S.K.: 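Have a look at the structure that comes next, please.
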2 protein chains.
Amino acid sequence: MKRNSRLSLALHTLSHMAGEPGRVRTSADIADHAGTNPVVVRRVLGKLREAGLLRSEKGHAGGWRLAKPAQSITLADVYLALDESLVSGPASEAEPGDCRVEANLQARVTEVLDDIEASLVARLRETKITDFHPSSCSYCGT
Amino acid sequence: MKRNSRLSLALHTLSHMAGEPGRVRTSADIADHAGTNPVVVRRVLGKLREAGLLRSEKGHAGGWRLAKPAQSITLADVYLALDESLVSGPASEAEPGDCRVEANLQARVTEVLDDIEASLVARLRETKITDFHPSSCSYCGT
DNA sequence: TAATACGTAACAATTGCGGTTGCATTAATA
DNA sequence: TATTAATGCAACCGCAATTGTTACGTATTA
Ligand code: FES
Ligand code: FES
């Protein structure tokens, strides 16, 4: 993966949370485990909060936790929360122009890409975030 | 589209060529029509030549033309010629690490993305580059 | 021999993204 | 109440990828 570092971070974090749902984690903890920066973590997790997957609390004993049962969260929920659109990028902003080929191509390619995007989401919906954490891990102490 | 400007340029050019297969076009002509630069055109079309879709000739009356019947060229041929991989970017180069979640996620996501990539190619293979040029166009004089 | 077109390398300009710092705000706690 | 510890957010830096541009060598034709 290259352009999915946000998605990777989100999935990685949620999967760990699914393995120990009660625990509250700070963005510093998460960043440390993921090898990145607390601000980056808050940026990404903020999107997940907007989508209703996470809750965050400020202040002394604050941090992040799941906002709903881990069993009810699928990879598609995470993917959609980030509205990344892996396949169908934003439609080309080329001016209308006089060339019909341009418009015809645009229409056809967009059609195919939208279909593929829908297939992708459907496939992602088949897997829950609870499917990745091992029953025990000495590294994260579960 | 945003990150497919190469693909757009390739499809646009090939579709026009399909509408008037005999004509030889210079990279300057093509660049002018596509609103870009001759060098950019040669870069992109060079990949299509490597894939056997186009032929180019140097010298005074040189330029670009189709290397095979337009009917035999599909969108998939063009897409594959550019090896862009719209969906499944290069596998993450994260170190193995001690975290099982990481590896499990990577495996699953890669699996889904590879499937989707294959579906995309299959869909693109359904459409030929002859499907876009109108029967007559005053702008390009056909 | 002059003109034309590709092939390629090198470089500039732009863009997007992750990372970083700084600070305001909020909440628990000594 | 003062301190500590956490998120929220804005601003900026640096890196990498992409596109655009210039320059020059090579090949082909008139
Ligand atoms: S269809 Fe593109 S210029 Fe005629
Ligand atoms: S599974 Fe990731 S640290 Fe234990």
Side-chain angles (χ1 to χ4, degrees), chain A residues 1-13 17 23-67 81-86 89-90 92-94, chain B residues 1-13 17 23-51 53-67 82-90 92-94:
Chain A
M1 276 166 263
K2 171 82 63 61
R3 54 195 321 272
N4 335 27
S5 72
R6 285 192 295 268
L7 180 57
S8 293
L9 174 57
L11 291 176
H12 188 181
T13 303
M17 285 178 163
R23 179 168 161 199
V24 175
R25 294 154 201 260
T26 68
S27 57
D29 292 342
I30 297 167
D32 186 59
H33 185 67
T36 182
N37 190 288
V39 177
V40 174
V41 169
R42 290 198 287 264
R43 279 208 281 249
V44 172
L45 267 49
K47 302 282 267 183
L48 304 184
R49 182 189 49 219
E50 290 171 21
L53 304 181
L54 289 179
R55 291 174 47 204
S56 69
E57 269 147 36
K58 294 181 169 183
H60 192 129
W64 299 82
R65 80 189 72 186
L66 292 176
L82 300 178
D83 52 315
E84 297 226 313
S85 239
L86 242 51
S92 88
E93 66 282 345
Chain B
M1 275 163 264
K2 172 80 62 63
R3 54 196 321 274
N4 336 26
S5 71
R6 286 191 298 266
L7 180 58
S8 292
L9 174 57
L11 291 176
H12 187 181
T13 303
M17 286 178 163
R23 179 167 161 201
V24 175
R25 294 155 201 259
T26 68
S27 56
D29 293 343
I30 298 167
D32 186 59
H33 184 67
T36 182
N37 190 288
V39 178
V40 174
V41 170
R42 289 198 287 265
R43 279 208 279 249
V44 173
L45 268 49
K47 301 281 269 182
L48 303 184
R49 182 189 48 220
E50 290 170 21
L53 304 181
L54 289 177
R55 291 174 46 203
S56 69
E57 268 147 36
K58 293 182 168 183
H60 194 126
W64 299 83
R65 80 190 71 188
L66 292 176
L82 301 177
D83 54 314
E84 298 226 313
S85 237
L86 243 52
V87 310
S88 64
S92 88
E93 66 282 344

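Computed from a prediction, not measured in an experiment: that's the story for all the values here. Chain identifiers are assigned alphabetically (A, B, ...) following the order of the sequence lines, protein sequences preceding nucleic acid strands; residue numbering begins at 1 within each chain.
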S.K.: Are T36(A) and dG18(C) close enough that a side-chain N or O sits under 4.0 Å from OP1 or OP2?
M.R.: no
S.K.: Taking atom CG of L82(B) and atom CG of L53(B), what is their separation to the nearest 0.5 Å?
M.R.: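 Answer rounded to 0.5 Å: 9.0 Å.
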S.K.: Under the side-chain contact (heavy atoms from CB on, under 4.5 Å) rule, what do L54(A) and R65(A) come out as? Steps first, then yes or no, please.
M.R.: CA-CA 6 Å; L54(A) 289 179; R65(A) 80 189 72 186; over 6 Å; no
S.K.: Look at the side-chain N and O atoms of S27(B) and state whether any lies under 4.0 Å from the OP1 or OP2 oxygen of dC6(C).
M.R.: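 It does, given that an N or O in the side chain of S27(B) lies less than 4.0 Å from OP1 or OP2 of dC6(C).
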S.K.: May I ask you to say what G62(B) touches in the nucleic acid, namely base, sugar-phosphate or nothing, with a heavy-atom cut-off under 4.0 Å?
M.R.: sugar-phosphate
S.K.: Please tell me which of G59(A) and N37(A) maps to the more 5' nucleotide of DNA chain C, matching each residue to the nucleotide holding its nearest heavy atom.
M.R.: N37(A)
S.K.: How many Å lie between CG on L54(B) and P on dG7(C), as a whole number?
M.R.: 11 Å
S.K.: Can you figure out which of dT7(D), dT20(C), dC6(C) approaches the side chain of V39(A) most closely?
M.R.: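 Taking heavy atoms from C-beta onward, the closest nucleotide is dT20(C).
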S.K.: So if I take every side-chain heavy atom of V40(A) and compare against dG18(C), dG20(D), dG7(C), which nucleotide ends up nearest?
M.R.: dG18(C)
S.K.: May I have the distance from R65(B) (atom CZ) to dT28(D) (atom P), rounded to whole angstrom?
M.R.: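 For the pair R65(B) CZ and dT28(D) P, the rounded distance is 13 Å.
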S.K.: Any N or O donor-acceptor pair linking the side chain of R43(B) to the base of dG7(C) at under 3.5 Å?
M.R.: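 Absent.
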S.K.: Nearest whole Å is fine: how far is dA5(C) C1' from R23(B) CZ?
M.R.: 16 Å
S.K.: Would you say a side-chain N or O of T26(B) is under 4.0 Å from OP1 or OP2 of dA5(C)?
M.R.: no
S.K.: Could you give the distance from CG (L66(A)) to CE (M17(A)), rounded to the nearest 0.5 Å?
M.R.: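 L66(A) CG to M17(A) CE: 6.0 Å, rounded to 0.5 Å.
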S.K.: Taking atom CD1 of I30(A) and atom CG of L45(A), what is their separation to the nearest 0.5 Å?
M.R.: 5.0 Å
S.K.: I want to confirm an ordering. Mapping R42(A) and K58(A) to their closest nucleotides on DNA chain C, which one lands closer to the 5' end?
M.R.: R42(A)
S.K.: Could you state the CG-P distance from L82(A) to dC17(C), rounded to the nearest angstrom?
M.R.: 12 Å
S.K.: Rounded to whole angstroms, how far apart are CD1 on I30(A) and P on dA5(D)?
M.R.: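 After rounding, the reported distance stands at 18 Å.
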S.K.: In Å and rounded to the nearest 0.5 Å, what is the CG to CZ distance from N37(A) to R43(A)?
M.R.: 8.0 Å
S.K.: R6(B) CZ to dA17(D) P: how many Å, rounded?
M.R.: 12 Å
S.K.: How many whole angstroms separate atom NE2 of H60(A) from atom P of dA30(C)?
M.R.: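 Going from NE2 in H60(A) over to P in dA30(C) covers 8 Å.
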S.K.: Kindly say if S5(A) contacts the phosphate of dG18(C), meaning a side-chain N or O under 4.0 Å from OP1 or OP2.
M.R.: yes
S.K.: What is the distance, rounded to the nearest whole Å, between atom CG of L7(B) and atom P of dT18(D)?
M.R.: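 Rounding to the nearest Å, CG of L7(B) and P of dT18(D) are 14 Å apart.
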